[in-house]
Number of protein chains: 2
Amino acid sequence: MIITKAGRRMFPAMRVKISGLDPRQQYYVAMDVIPLDNKRYRYVYHSSKWMAAGNADSPVPPRVYVHPDSLASGETWMRQVISFDKLKLTNNELDDQGHIILHSMHKYQPRVHVIQKERGEELSHVRAVPQGDGTRTLSFPETVFTTVTAYQNQQITKLKIDRNPFAKGFRDSGRNRMGLEALVESYGFWRPSLRSLMFEDIPGMKQGDKLMLMSIMILVSLTPVCL
Amino acid sequence: MIITKAGRRMFPAMRVKISGLDPRQQYYVAMDVIPLDNKRYRYVYHSSKWMAAGNADSPVPPRVYVHPDSLASGETWMRQVISFDKLKLTNNELDDQGHIILHSMHKYQPRVHVIQKERGEELSHVRAVPQGDGTRTLSFPETVFTTVTAYQNQQITKLKIDRNPFAKGFRDSGRNRMGLEALVESYGFWRPSLRSLMFEDIPGMKQGDKLMLMSIMILVSLTPVCL
DNA sequence: TAGTTCGCACCTAGGTGAAAATAT
DNA sequence: ATATTTTCACCTAGGTGCGAACTA
């Protein structure tokens with residue numbers, strides 16, 4: 001995923017559908033991005049692979065992207081597909097725009113949080129998400145990505161150009177256009193799918209929890225590991 | 001003010017600064033638009049005046065524009081200038097986009113509401129603002145406007161073109177450009193000002209009310225009556 | 001030399017009034 | 001006649017990867 005000083009969107013964006021919430025309860029929905037491991041990576045062109053190359057850079061200030069529809073009722077959240085397309089990534093450690101701060105050439109795991117509103121609680125953009133009974137955190141391994149300041153892999157570049165409407169100007173004209181199916185076929189690592197994760201699957205999930213029936217589906221946004 | 005089926009922004013937009021709120025209390029800020037009188041108007045070109053011409057059309061469905069930063073703390077509201085620039089007006093009585101529905105060729109009074117969050121209360125976009133001790137409603141006579149589907153007055157057209165960035169394409173090139181002061185000067189009825197209205201000024205204002213010290217200033221958005 | 005930054009052309013998305021077409 | 005609707009050129013605002021310049 002490309003990161004810049006000014007902040008760059010993720011593409012594709014995380015999109016999530018939630019069910020099983022208490023329709024009348026108020027929730028925040030938020031996203032953050034945590035390091036996948038303790039390594040720094042480099043892309044080895046001749047083998048077309050990311051290789052570990054030393055230890056991770058020093059930690060960056062923690063940031064949380066609170067979905068702009070927050071605070072909203074369970075009913076509201078469940079009625080829509082929740083898209084994180086306005087979230088931005090930056091490599092500027094002094095960023096004051098509330099963007100998520102990451103190091104380039106590292107691997108990251110995005111997470112989605114569903115946070116039940118406690119009385120008086122205020123969700124901060126610059127502090128870690130409160131962990132407790134009222135918070136459910138979900139990660140999808142399919143969405144792990146590698147940060148770069150310039151694409152290392154021509155397949156990824158082509159994928160971005162072909163799928164992102166804002167990159168239309170770089171597409172091959174006419175003849176090379178593909179339908180979604182052919183496109184998907186041509187990228188072995190690109191696995192769009194509809195995945196469903198029940199809270200029953202979550203380690204430490206408590207019986208009798210109000211949120212037990214909540215499930216989250218990733219609809220579209222599966223990001224190849226080497227992105 | 002031009003109204004269309006699809007919805008059209010107000011220009012200039014209402015902009016408001018609030019002080020005197022309880023920093024920790026949660027508030028909605030909202031705007032609505034009420035009929036100024038019971039008349040329908042027509043513009044008489046030779047006298048350059050709006051004249052009453054019959055009774056108002058039948059009432060339209062009530063709509064409230066809840067400011068997108070709602071719900072927020074008094075501290076948050078007071079820290080910023082609150083702009084209503086994304087509010088849209090429509091003449092479509094069947095509108096389902098949440099726009100404010102008005103009749104063309106009528107006079108209207110915009111109002112700003114500051115609504116203290118009561119427990120469990122949900123603010124509706126399609127129902128009148130709840131009137132009670134937790135709600136303060138303010139109207140500024142300077143912001144009264146007349147709705148049209150096409151401008152009736154060449155001065156207004158020029159004003160809109162000169163001030164609205166989105167109408168830049170219609171401006172006279174170079175030589176006719178004016179600075180703000182000259183522009184303001186040239187419109188006798190255009191009175192930008194900084195007005196401050198204390199809640200003490202409001203009829204029925206109660207002593208000891210938590211909100212008593214709140215004041216609201218209109219910063220920029222004064223709209224001529226004949227707009 | 002590998003990684004980053006910056007200006008840019010080229011898009012999407014959507015807010016303007018003009019003018020022609022249509023409605024009342 | 002007068003008012004409204006529709007389409008359009010021309011903007012603002014901002015999301016793309018490219019490629020040259022820069023950096024360590």
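Throughout, protein chains are lettered first and strands after them, A, B, ... in sequence-line order, and every chain is numbered starting at 1. Computed from a predicted model, the values in this text were never measured in an experiment.
- Between His67(A) and Tyr28(A), the gap from one ring centroid to the other reaches at least 6.0 Å.
- Using a 4.0 Å heavy-atom distance criterion, Lys86(B) is classed as making no nucleic acid contact.
- Proximity of Val148(A) to Met1(A): side-chain heavy atoms (C-beta onward) are nowhere separated by under 4.5 Å.
- Pairs of residues two or more places apart, or lying in two chains, that qualify as salt bridge (charged side-chain N to carboxylate O under 4.0 Å, His left out) and include a residue from residues 82-95 of chain A are Arg63(A)-Asp95(A).
- Counted by atom type alone, His113(A) and Thr137(A) present one or more donor-acceptor pairs between their side chains at under 3.5 Å.
- Taking the ring axis of Tyr41(B) as reference, the NZ or CZ atom of Lys107(B) stays within 45° of it and closer than 6.0 Å to the ring centre.
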I'd like a list of close polar pairs between nucleotides 4-7 of chain C and the protein, N/O only, cut-off under 3.5 Å.
unit_1	atom_1	unit_2	atom_2	d
dT4(C)	OP2	Ser104(A)	OG	3.1
dT4(C)	OP2	Thr149(A)	OG1	2.7
dT4(C)	O5'	Thr149(A)	OG1	3.4
dT5(C)	OP2	Asn91(A)	ND2	2.8

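- Taking the 5' to 3' direction, DNA chain D first and last meets chain B under 4.0 angstrom from a heavy atom at dA3(D) to dT12(D).
- No side-chain donor-acceptor contact under 3.5 Å links Tyr65(A) and Asp32(A).
- The aromatic rings of Tyr45(A) and Tyr43(A) sit perpendicular to each other, their planes meeting at more than 60°, with 30° as the lower class boundary.
- Both Arg42(A) and Ala167(A) lie close to DNA chain C; mapped to their nearest nucleotides by heavy-atom distance, the more 5′-ward contact belongs to Arg42(A).
- The aromatic ring centroids of Trp77(A) and Tyr27(A) lie 6.0 Å or more from each other.
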